[in-house]
Amino acid sequence: MIEVLGLSKRFGGHQAVDGVAFRVEPGEFVALLGPNGAGKSTTVKMLTGILHPDAGSVRVAGRSPQRERRALAREIGVVFGQRTGLWWDLPVCDSFDLLAAMYRVRAAAERAAELRSLLDLDGFWHTPVRRLSLGQRVRADIAAALLHRPKVLFLDEPTVGLDLLAKERVREFLSGYGRQGATVLLTTHDLAEVEALCGRVLVMNGGRLAFDGTVADLRQRAGVPTLLTVEYAGEPVGEPAWPAVARDGRSLTVSFDRSQVGAGTVLAALGELGEILDIRLHEPDLEKMVRRLYLHPACARDDPRLL
Amino acid sequence: MSVLVRLVAGTLRGQRQYGVDFVGSIVLSALVTAGEFGVVVIILTRFPRIAGWSLPQLALLFGLSATATSVYRTLTDELHDFERYMVNGEFDAILLRPWPSLLVMLARGVNLGKLGGLLEGLGITAWGAARLGLAPSGWGWLLLFSVTGSALVLAIGIATSATAFWLERIGELQVFTLYAPSFAAEFPQSIYAGWLRALFLSAIPIAFVNYLPVRAMLGHGGGIATMLLPVPAAAISLTLAALLWSAGERRYRSTGS
Amino acid sequence: MVYVLAARAAVRRELQYRWAHMVNNLGSAVFGFVYIAAWRAVLGRQSLSGVDAAFMTRYMVVSQVFLWLTTFMTFGLGIPEGMRTGSVAADLARPVDFFGLYAAREAGALAYGLLYRCLPMAVLFALTVGFPLPGSWPLGLAGVALGAYVGLCLNYLAGLAAFWTVQARWAWGLRQTLTLVLGGIAVPPAVYPGWLQGVVAWSPFRACGAIPTLIWLGRAGAGDLAAAAGWAAALTLLARALTGAARRRVEVQGG
């Protein structure tokens, strides 16, 4: 559904995107992560036809975003969380009428009614967009982006600035939308969102793709230490083979690298030190892993998918 | 086409919802045009002619120039302010639509508040035509010149806005490419120095808006061919402006987000 | 001093765009060339009320150059924009004189304009059609300074309209048109029909156009300067009175 090869873009002396390549298959829900200035937005803008790349090729839904921008616009939906695609001074319903005309949407009334109930827009359907709360506006914007039944949905920081409740509502809807087999590319800083929604993660840093894989892969690859706390029946005897982070009477916590050794092996080795009553495994959180990837992109370079 | 009509209707509805004071804007735009014409009238109360042109003849020049400029301003509330789209990256949203971006910009920018100047421009033209006792065919020609003149000023305006893709800021450039030339078009071109006349025949083709065709119509130089000249001039100018626009669109940088 | 700081900030803001302003100067010069050409065509060899083609060239050149000091200012001195963004309410609460603050900001922009708009245009005209030096430097400079101050007051008053109506642009456009017609920017009042000359003589707009230009050219003297000074004083009083009214209006409406 999305094919990117050798994509590059330079602004003045700054290489914003540098030889990025990836594929997204139909039905995939993919997250695009990276620190500010990593080239995420520039990449999305090249995929949606806003920017023209200096080098490389892009196909989205079988079309070139640059040569067939207008035809592609009918196949994709785009939501920029910071901006609205709706008519600022008009009621929400008017924006939908205009978009339906612009995109020549078949059975537009039914489609609008369906999205209205899915995203719960009824309470403000006749309110001018400029009077909506941010959460209401984002929901209306997502509905508007889906009105013409796009094949690919691009979401750029859709929940930035929303309160927890509003975030949860958007996330719930997107999760349901993803389950129906939709293709979505989500740019975000919110890693909880990534864990909840995305099967696959692309991490960009310095204009390059630093990682491409599942969230589980990311845990493996990032090499952020996992902590294992073991409660023994008596005081453990001897030194563990991995660095002890804490040792307090009958409890021992060691840290190890999941990319080097499996949790089972570590546990078996710790069993040598005494009889185990209970264990607790602390998975490193996604945030830490991603930050580590940003700092040491080399640790993911050996990923075979990047070749 | 019907989509375009609905988009324009949406734009107008939005302005009404926002409480834009139409009467006030219309009076204001009429006031500015009236002030400028007032100066011409005052000069003509003391001197019968400017470079051989009487007041009714000058009214044709003035009226056509005011009409063309007002049509441009009526259609281009957003395009005229295009540097905002560049500085804030607002042009992104325009490029996401399945339409030519220029058309979307025009549909968003219709502002009937600028109609005051248009009505006045048409009124002054009609007054000049009536005083000169023009035959119906003459009125027909003037209608054609209003259309081609508007297209020419629109083309100059589009080209100026398109330079924002390179320069970002265009507000000051518009003084040179739009305001000064449309003011210069209120007088016969024969009074200007050679370099200015050359400029108004080439890069800023304002001479085709009114001077050349009206002069031919009044029998002062050129025939039917000169009177038809604005048609190809407008077509070529619009084409070049559209080409410049799409070249600019390709190098849009989408900053400010 | 807070007013000096406000003025300096305005200069710095303008300086960022000085190259764009050079393009604008070129466009403004075209306005001058058009007026000069029109007057040369109208007058030919004749002279009317002491006005001939050579005089009109000098008149237009001086008038166009000082337009940037006396007439072309920020829309309503930035008051309508400040009403929209709320900065006016903040400025009203400051322990400084409101009129003084806005006048100081604009004065900064005008000082910039003197260097980057008036001066380049004067040079451009000097190289093409000539730019006359004043008959008397003290009188000439005083006339321009008073013209700038009167213009400042008029723009401020137009801006104050934003306290009573959303459409302050209306008041501003009215001021612009009246300055063009009654101020004698494009036409020296001597050429006007008699009845209009009477109106012009009793309007403050003359202080922004005809008076400074004619004094510069040595065709007017201390009498007209005194008239401009009178208008400056009267408009200052009016501006202060209306600022008080605007302040009360905001207090009643709670901002």
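Per chain, numbering begins at 1; letters A, B, ... match sequence-line order. These numbers were taken from a predicted model, which means no experiment stands behind them. No hydrogens, no waters, no symmetry mates; every other heavy atom, side chains included, goes into these values.
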Heavy-atom cut-off 4.5 Å, strictly under: side chain, backbone, both or neither for B:I94 against chain A? backbone

Which atoms of B:S101 are under 4.5 Å from chain A, going by heavy atoms: the side chain, the backbone, both sets, or neither? both

Are any of the side-chain nitrogens in A:K45 or B:D92 under 4.0 Å away from the carboxylate oxygens of its partner? yes

Distance check, rounded to the nearest 0.5 Å: [X] atom [atom1] versus [Y] atom [atom2]?
X: A:L98; Y: B:R13; atom1: CG; atom2: CZ; answer: 6.0 Å
X: B:R250; Y: A:L51; atom1: CZ; atom2: CG; answer: 14.0 Å
X: B:L95; Y: A:T48; atom1: CG; atom2: OG1; answer: 8.5 Å
X: A:H52; Y: B:E249; atom1: NE2; atom2: CD; answer: 6.0 Å
X: B:T11; Y: A:W87; atom1: OG1; atom2: CH2; answer: 8.0 Å
X: B:L96; Y: A:R70; atom1: CG; atom2: CZ; answer: 14.0 Å

Chain B contact via A:D97 - side chain, backbone, both or neither, heavy atoms under 4.5 Å: both

At a 4.5 Å cut-off on heavy atoms, which part of A:L72 comes close to chain B: side chain, backbone, both, or neither? neither

A:R74 side chain vs B:R97 backbone, donor-acceptor pair below 3.5 Å: no

Heavy-atom nearest pair, B:L7 first then A:M102, reads CD1-CE, 3.8 Å

Is the shortest heavy-atom distance from the side chain of B:F91 to the side chain of A:I50 under 4.5 Å? no

Heavy-atom distance under 4.5 Å between the side chains of B:P98 and A:H148, does that happen here? no

